[in-house]
Amino acid sequence: MRSDLRLTSVLPHVLPWWAGVPDRPGAAATVPGPRSYDSSALRAALARLSAPARARVRRPLVPAPGSRELRWGEAVARQHDGTTCGSAVLAMTAAAGDVRLALWLESGERCGAGAGSAELSGVPRATLDGLADAAARLTFLQQRVKALSNARAAAGFPWPAALGTPPWGAARVARWGELRYHHVIVDGPRQPEVLDVVASWAQAGVPVPLFTGGDLARGVATAVPRHVVLVTDVVGPVWSVYEPSSGAVHQVTRGQLVAGGRLPALGGWNHLTWALVPRTDTAPGS
């Protein structure tokens with residue numbers, strides 16, 4: 001058996017509807033920007049923040065000058081444990097498209113709106129008030145997102161918590177502003193086309209989660225999606241990729257991403273397996 005065999009190189013032949021080429025952003029009438037929910041209360045809350053904190057709220061996926069790490073307050077934006085890489089990526093994607101959620105992560109302030117973010121809907125106020133700092137809020141949000149994404153991900157039953165988050169479960173809750181996502185296999189003969197679409201969305205300012213993994217050369221258990229990272233920007237040949245185990249944004253080329261080497265940007269894994277790509281039917285005017 002070939003040592004470079006991966007589950008996602010087989011699935012396109014078994015489940016071809018998971019291996020199509022998703023829509024580019026140009027297929028929608030417009031690409032919506034992050035929802036600002038502008039209000040006097042929100043403007044006042046942002047004005048009370050320091051300049052670095054305000055920058056984190058407005059551009060959560062851009063590291064501070066001189067740093068590669070993303071932060072909320074004093075906390076590096078890392079995954080909480082070995083099973084929450086996907087949850088960390090989903091949390092950062094949502095915060096990048098919802099300044100209310102970003103404000104809550106940074107300062108704990110809700111302006112009467114933070115609790116309206118989908119990820120915090122239904123959470124008791126006392127629970128949110130009991131989270132002492134940004135690190136606690138980020139941990140809570142990751143756990144919350146994981147519960148939402150995994151609730152019905154195993155044929156209607158909860159996905160095992162120890163296995164992280166599957167692509168189809170992640171796609172069900174992923175959001176950036178008003179845009180929602182669907183999942184598509186990256187591996188296989190259509191990889192170049194799928195990556196073209198990923199690059200198009202990132203160039204349009206929309207972050208794109210990518211699942212990574214290994215192959216049979218590293219053992220059967222690695223030949224499936226094992227980690228999740230986030231494409232935050234693409235400028236020319238350079239892709240910016242947030243990696244949640246380190247909390248850092250790495251700059252790599254597309255060639256490096258597909259070459260099969262173990263990359264820090266992929267969490268030490270060597271293959272792209274799955275992507276969450278925005279659905280154009282969720283864009284305003286579509």
Side-chain angles (χ1 to χ4, degrees), residues 6-8 11-12 15 17-20 22-23 60-61 70 77-98 101 105 117-121 138-187 194-195 197-198 201-202 206-213 222 224-232 241-245 247 265-267 269 271-282:
R6 301 176 293 281
L7 174 64
T8 46
L11 283 179
L15 300 170
W17 54 89
W18 281 1
D23 292 332
L61 301 180
L70 300 181
R78 296 191 181 102
Q79 64 191 76
H80 169 60
D81 59 34
T83 70
T84 54
C85 55
S87 305
V89 163
L90 293 175
M92 295 299 288
T93 301
D98 186 344
L101 185 61
L105 279 167
S117 298
E119 295 75 17
L120 302 180
S121 178
L138 181 59
T139 294
F140 176 84
L141 183 60
Q142 290 180 29
Q143 293 169 334
R144 175 75 173 167
V145 168
K146 183 177 177 181
L148 294 171
S149 63
N150 290 12
R152 301 188 304 277
F157 294 94
W159 185 259
L163 299 182
T165 302
W168 47 92
R172 189 157 48 84
V173 302
R175 71 179 185 97
W176 182 84
E178 296 180 359
L179 282 175
R180 305 306 295 260
Y181 289 70
H182 61 156
H183 65 96
V184 61
I185 294 172
V186 175
D187 214 350
V194 173
L195 291 181
V197 173
V198 170
W201 281 106
V206 183
V208 179
L210 292 177
F211 285 70
T212 73
T222 75
V224 295
R226 293 296 305 268
H227 193 54
V228 190
V229 299
L230 185 65
V231 181
T232 62
V241 181
Y242 161 68
E243 194 286 300
S245 71
L266 300 183
W269 296 99
H271 293 292
L272 301 174
T273 60
W274 233 287
L276 303 188
V277 181
R279 292 164 36 200
T280 58
D281 62 357
T282 63

How long is the span from the [atom1] atom in [X] to the [atom2] atom in [Y], to the nearest 0.5 Å?
X: E119; Y: R175; atom1: CD; atom2: CZ; result: 4.0 Å
X: T280; Y: W201; atom1: OG1; atom2: CH2; result: 6.5 Å
X: L90; Y: R144; atom1: CG; atom2: CZ; result: 14.0 Å
X: T93; Y: Y242; atom1: OG1; atom2: OH; result: 9.0 Å

Criterion side chain to side chain contact (heavy atoms under 4.5 Å, CB included) against V186, the qualifying member of T273, L195, V277: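 The option that passes is L195.
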- [ ] Check whether any side-chain heavy atom of L272 lies under 4.5 Å from a side-chain heavy atom of L266, and answer yes or no.
- [x]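 Counting from C-beta outward, L272 and L266 do come under 4.5 Å.
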**Prompt:** Mind checking whether L138 and H80 have side chains closer than 4.5 Å, heavy atoms only?
**Reply:**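 No - every pair of side-chain heavy atoms lies 4.5 Å or more apart.
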Quick check: closest heavy atoms across [X] and [Y], and the distance to 0.1 Å?
X: A171; Y: L276; value: CB-CD2, 3.9 Å
X: R279; Y: L179; value: O-CD2, 3.8 Å
X: P207; Y: Y181; value: O-OH, 2.7 Å
X: L101; Y: A94; value: CD2-CB, 3.8 Å
X: V228; Y: P209; value: CG1-CB, 4.4 Å
X: V229; Y: T212; value: CG2-CG2, 4.2 Å

Checking the side chain of [X] only, and the main-chain atoms of [Y] only, is there a donor and an acceptor separated by less than 3.5 Å?
X: Q143; Y: V145; result: no
X: R172; Y: S149; result: yes
X: Q79; Y: A88; result: no

Practice problem: Mind running side-chain hydrogen bond (donor to acceptor under 3.5 Å, both in side chains) on T165 and K146 for me, showing each step along the way? | Solution: CA-CA 7 Å; T165 302; K146 183 177 177 181; over 6 Å; no
Any idea how H183 and W274 line up, ring-wise: parallel (<30°), tilted (30 to 60°), or perpendicular (>60°)?
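Tilted: the ring planes of H183 and W274 meet at 30° to 60°.
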>> Between S245 and E243, is the side-chain hydrogen bond (donor to acceptor under 3.5 Å, both in side chains) condition met? List the steps.
In response: CA-CA 6 Å; S245 71; E243 194 286 300; 2.7 Å; yes
Show your working on side chain to side chain contact (heavy atoms under 4.5 Å, CB included) between L230 and L210 and close with a plain yes or no.
CA-CA 6 Å; L230 185 65; L210 292 177; over 6 Å; no
